[in-house]
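So the structure is just underneath, and the comments pick up after that.
Order of the sequence lines fixes the chain letters, A, B, ..., with proteins taken first and strands second; residue numbering starts at 1 for each chain.
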Amino acid sequence: MSTALDRQIRPIYDALDTQSNKSAVLACNKVLKKQPNNVLVKALKALALVRLQKVEESLLLADEVLAKKPTDDGVLTAMMHVLRGLGRHSDIVAMFETAYKQHPQNEDLGTQTFFANVRVGNWKAAQQVATKMHKQFQDDRYLYWSIFSAVLQANDMATPEALRPVLLKLALRLISSGNTPSYFNPDRFYVHLLILRELEMYDDAATLLNHEIGQKICETSLVCDEIRRDIMKLKGACKQEGEQAKVKILEKKDRNWLEFLSLLDATFWDIASTSEPASEDVKAAVTEEIAKTRKVFSEAATVDGLKDRSGLLALLELEKRTKSHGLWTDACEIRMMAENYFSQFGDKACCYEDLLPYLAFEGEELEQWTSFLNSRKSFDTPDTLQRSINVYKLLRYNLTSAELTPELELARAQEYIKVYLDGLKFGVNLPDTELQPADDFAILVGHAYVSLWKLTGEESHLQSAAATLEYASARSKQSYRIRLLLIRIYHLLGAPALALDHYRLMNVKQVQTDTLSHLILSRAAMWSLAPLGDITYMSECMEASQIYMSNSTETAEFIARAFSTERYSQIIDFIEFEDRLDNSLQRDLMKVEHVRMRVAHEPLNAELVDMELIELKFIFDRIHHDNRDFEVIPNYQPRCQPSFNEQTLPLKPPGAGWLSAYLKVYIRAFQEASDLDETLPLRERLVKKRQEEIDDLSEDEKLFYEYTLALSEWVGPYHDYVRPPPSALLAEAAKSNDLKPGHPLKSMAAAANGSATNGHSKKDEEPPAVKESPELIPKFFDDMKSRFDAVISGTALPSELLHIVATTQEAYLLFALETVRFKPNSIIKQYKFGQLAQSFKDLRVKASSILNEMSTVLAKLGEEVATPDGRKAFVQASSSIQDSSGFDHDFVLGVAKKTTDARKQTYEGIAKGLAKVVKNHS
Amino acid sequence: MSVLRPFRATDMFKFNNINLDIWTETYGISFYLTYLSRWPDLCCVQEAPNGHMMGYVIGKAEGHGQDWHGHVTALTVAPEYRRLSLARKMMSLLEMVSDETYKGFFVDLYVRCTNSVAISMYEGLGYSVYRRVREYYGSLGLGRASKDEEDAFDMRKPLSRDPHRRSVRANGREFVVSAHDVS
């Protein structure tokens, strides 16, 4: 590049670097005036334009540049960013392929072509490029690129079953053709082992692994050691592994739990590896092995003392497995070991979860265990406090149904509160960044009150739980576990705003939004005040969805990078990660929630309908991964009860079936309301109910689902008749396009020359006969009304009430969506739809009056709840926590005020929203 | 007692119990993938038998010449799994790999000057303060303004390639540099 030109181009790069895209465009124009054919400047201008969201202009320039078949590095790099911004990933591949073909000696172009294929997951082409590069440049690294591309192609779901072994065998052959053996570096060694494992050539793999270098690699590379363990297991070399594990445990003092598991597996191998019943000889041999293993574990336990739990826990696991294989000798062995374990490690927070798998005691064993625990309560020091927390948790775990009476649970709740308040003294001087040592007692209080609510159906227990947990949260500001419980309880109490506050204080971000946003966005439409213009939950959906954008722009780049750094061991995981985020269930559940709220928030016009139709259709056939984290929610409920998570879900969490049902509901409604041509013939699938869907729906949602099916079956034929033909639409689009500056889109321009007539052409066939509305439609609204009345007069929770209201409102909105096309008088006249219009009107009036009634009742409830009387009731309801402790009356009153105000706000907002929805669509 | 295994990209779906704790930062996807695509052997996880993640370490190898070393970028253990020597085990793996695979001269890490619990733990593992780095950390945003909170100690431990312990010094706490002087 000449210096003069360099001087002109530098300002463009500078502007692009500082995101001053407008000045970049100006700078480009300046150069292009003098040199209208400068490809680099055109590419840079296209980049600035795409960043300015001027997609069409950028597209045209990009096409011009691509037509020149660029090979210059600067042009290619700029175009890669342009095309990525335009989502034209396959064009990136084509661009580099074309460039590489012109300069087959250029190693960098080859690399770029390879990476371009990798980013889009085109393994076959990637493999071919890498093979070519290996021949050309004789570098083993390209050989491994080609090998691993073949492995990935074999892994790809789209590859035919029969082709897979062929590809793997090819990969194996290529490995032996390398200049250096695979153990040249751990990741190449990993590739070699992976191929042998997939081909089930375990003996060959073992030979590699037993080689001195192979052993050395596995010592320092966890990834290789992991696949080594896997191969040995598949090979059935459990006993050999067990022997090695024994040496590692005793001589090298290795305390990786995997070694203990290896030895356990080896011990029971002769019984566990066959489905045949074991002979007495085998049993005797295994019993002998058990004794030997017990000695190893006991020795480890003695050597480690309080330093490590492995030995003692392994002994417990050994006894448990002995029992499960019918080799049981002494009935009290497990209990005594558990007691021993507790005595040594009871002051560790994880003692509870360590012991859980071994505590299914009954009868006398349970009695002894319980009395052992009861004698270990002590609150003298922080260490004994932790021990007592474990005592209480473990006692709770083994409670039987007979012990779970309301009286006993109440007594427990009060005891937990007492020990919680006592325990606070150990944390008085801690900085506010620290957790209170007594936190878990407050969490137990929450559990006991939730259990009481489940036993009695009385809401007051949830209020007591909220009051205690708020108290604890104020004292332990960083405890996300307390917040998790509060989020659930506030939703049940109809105070979603408070749940949202706690969620935000947890500072959930980045990839966590995928796994945790379900806490506030599951069926968020039922809390949303979108009809009033409050877009809180819609924004939460948008924010939580940012991570999916990051995933699609960033992750593929790292797959390419892992090839470049030869970290093959990471690539399969990166691909899985990308796929799990890209096809995340939560992602599309949030999309559906967003649509539900948008429909309530915005006018039902073509822009909304067409856009959402296209987007929902796009996700309809995804195979989803459920990444939602429910495990993070603490659970200390007795083993005979459902978990805290299950108990406090307002409704069954929406799953793949729920998503499928709601996608069908909305795609159907949008398709009918839209003038867009149906490019994918989905209709048959859209009306088909699947059991998996029904199982996922609440009772009210089931009614709603049936209602939407009946509605679209009834109205569908009229839509099909009235919908303008595609040619007319294209003509319309072309016409409006002509008015805009710039070039018309090609497809539109071509269609505009067709024989389309304007607008509502007269059709040949008669309009479909007008039918009465199916009975199910008015009945749905009646049913929801009776559900509402029943819930109002009963003791159901606010969340149930709001679910009914939201479902009825949604049905009303879908009705509006399905009938909006038939509103204009001209349509009614032209197609003689007078009678149909009358049916619509009757139904609308009926539904409106039901919604209005619900609105009035809700508004009244809202008023009642936030009065001094309502608060008093709350405080009285929480009297149990005041009786038992030093809880301040004012504190409970404060929580009462917050909760009742939040509920009032929700009730009133939703009541107003209902009225608004009715008004907007009447 | 825990499973020591490699950190995987998909662990990002599982690490909530660790990362919701205030002391652990959750970074963007590219942070984790950068480390995994370059130094996967310096990243590992401790896992409980029930599959819960207990803690993890993320590290890298960097520097030139005599300064070539292993660096601990993040070391974290979930609150419920503390006091089990997990950090010690993960550090010893990272040191072993820095020594044997990367042939580094030392391992280093940064720690808030106020974090006395961590500092004494690292001292117990053979680390010593090499220098104090001014304003290395942001404020915790909890209304405190102590300098100590924002300053970091750069702590180091020599590996077998540095038998004469040239990478450490005795009075490191008095040796102060600004954040601009370190990478």
Side-chain angles (χ1 to χ4, degrees), chain A residues 186-187 219-223 226 255-258 260-261 307-311 313-314 317 348-350 353-354 356-357 432-433 435 478 480-481 506-512 514-516 547 550-551 554-555 557-559 561-562 564-565 567 569-570 573-574 576-577 580-581 627 629 631-632, chain B residues 1-17 19-23 25-41 43-52 54 78-85 89 93 96-97 99-101 114 140 142-144:
Chain A
D187 276 75
E219 273 172 29
T220 52
S221 162
L222 286 176
V223 178
E226 196 170 50
R255 292 296 177 262
N256 190 343
W257 184 239
L258 292 173
F260 290 81
L261 289 178
K307 272 203 320 232
D308 198 289
R309 303 123 64 228
S310 313
L313 211 60
E317 180 67 24
K348 307 284 185 198
C350 61
E353 66 165 67
D354 282 347
L356 275 203
D432 56 1
T433 45
L435 299 168
Q478 307 306 334
Y480 72 86
R481 284 152 51 91
M506 278 167 45
N507 201 13
V508 168
K509 57 182 168 184
Q510 299 292 350
V511 67
Q512 293 175 318
D514 181 50
T515 49
L516 292 174
I547 190 66
S550 314
N551 183 44
E554 290 168 26
T555 307
E557 193 53 47
F558 284 97
I559 299 174
R561 218 184 272 187
S564 124
T565 53
R567 295 304 198 177
S569 63
Q570 302 303 307
D573 285 336
F574 286 10
E576 187 192 339
F577 175 78
R580 277 180 64 181
L581 258 189
N627 305 325
D629 186 357
E631 294 252 310
V632 74
Chain B
M1 176 273 332
S2 52
V3 171
L4 182 66
R5 64 160 179 79
F7 190 110
R8 292 191 259 277
T10 45
D11 284 330
M12 282 188 251
F13 296 119
K14 292 182 64 184
F15 64 21
N16 287 326
N17 65 321
N19 281 35
L20 285 172
D21 187 63
I22 182 190
W23 297 109
E25 178 65 22
T26 302
Y27 301 97
I29 293 173
S30 56
F31 172 87
Y32 302 98
L33 297 190
T34 299
Y35 278 86
L36 290 175
S37 63
R38 294 189 63 181
W39 309 281
D41 41 2
C43 305
C44 74
V45 164
Q46 293 269 4
E47 191 177 79
N50 62 12
H52 289 181
M54 304 167 94
E80 63 271 33
Y81 300 113
R82 295 196 183 138
R83 297 172 59 229
L84 298 170
S85 313
K89 287 180 189 171
L93 179 94
M96 189 263 283
V97 176
D99 198 7
E100 294 191 14
T101 306
T114 44
L140 274 180
L142 296 162
R144 298 189 209 77

Straight-line distance of [X] [atom1] to [Y] [atom2], nearest 0.5 Å:
| X | Y | atom1 | atom2 | answer |
| --- | --- | --- | --- | --- |
| A:D514 | B:F13 | CG | CZ | 5.5 Å |
| B:T26 | A:Q512 | OG1 | CD | 3.5 Å |
| B:M12 | A:N627 | CE | CG | 11.5 Å |
| B:L20 | A:Q478 | CG | CD | 11.5 Å |
| A:N551 | B:S30 | CG | OG | 11.5 Å |

Does the side chain of [X] reach to within under 4.5 Å of the side chain of [Y], using non-hydrogen atoms?
| X | Y | result |
| --- | --- | --- |
| A:Q570 | B:L33 | no |
| A:K509 | B:E25 | yes |
| A:C350 | B:L84 | yes |
| B:L36 | A:D573 | no |
| B:K89 | A:N256 | no |

Next item on the list: For side-chain contact (heavy atoms from CB on, under 4.5 Å), just list the numbers for A:F558 and B:I29, CA-CA rounded to whole Å, side-chain angles, deciding distance to a tenth of an Å, and then say yes or no.
Entry: CA-CA 10 Å; A:F558 284 97; B:I29 293 173; 5.6 Å; no
Using non-hydrogen atoms only, which part of [X] is less than 4.5 Å away from chain B: side chain, backbone, both, or neither?
| X | value |
| --- | --- |
| A:N507 | neither |
| A:I547 | both |
| A:T555 | both |
| A:V632 | side chain |
| A:T220 | both |
| A:L581 | both |
| A:E317 | neither |

Notebook entry, point to check: What residues, two or more places apart in sequence or in another chain, satisfy side-chain contact (heavy atoms from CB on, under 4.5 Å) together with B:N50?
Noted result: A:E353, B:A48, B:H52
What closest approach, in Å, do [X] and [Y] show between heavy atoms, and which atom pair accounts for it?
| X | Y | answer |
| --- | --- | --- |
| B:N16 | A:T515 | ND2-OG1, 3.0 Å |
| B:Y27 | A:Q510 | O-CG, 3.3 Å |
| A:K307 | B:S85 | O-OG, 4.3 Å |

Notebook entry, point to check: Which of the residues A:K348, A:E219, A:E557, A:R561 is involved in the greatest number of heavy-atom pairs with chain B at under 4.5 angstrom?
Noted result: A:K348
Checklist line | Max heavy-atom pair count under 4.5 Å with chain B, selected residue of A:L516, A:D629, A:T565 | finding: A:L516
Check: So does B:E80 pair up with A:R481, basic N to acidic O under 4.0 Å?
Finding: no
Notebook entry, point to check: For the side chain of A:R567 and the backbone of B:S37, is there at least one donor-acceptor N/O pair under 3.5 Å apart?
Noted result: no
Next item on the list: Examine distances only and state if a side-chain atom of A:Y480 and a backbone atom of B:N19 form a donor-acceptor pair shorter than 3.5 Å.
Entry: no
Item checked: Option among B:V97, B:V45, B:L93 that satisfies the side chain to side chain contact (heavy atoms under 4.5 Å, CB included) test with A:L222 -> B:L93
Check: What part of B:N17 gets closer than 4.5 Å to chain A, counting heavy atoms only: side chain, backbone, both or neither?
Finding: both
Check: Any chance CZ of B:R38 has more than 12 other-residue heavy atoms, nucleotides or ligands included, within less than 6.0 Å?
Finding: no
Checklist line | Between B:P40, B:P79, B:A78, the one whose heavy-atom pairs under 4.5 Å with chain A are most numerous | finding: B:P40
Check: Residues two or more places apart in sequence or in another chain: which of them pass ring-ring contact (aromatic ring centres under 6.0 Å, His included) with B:F7?
Finding: B:Y56
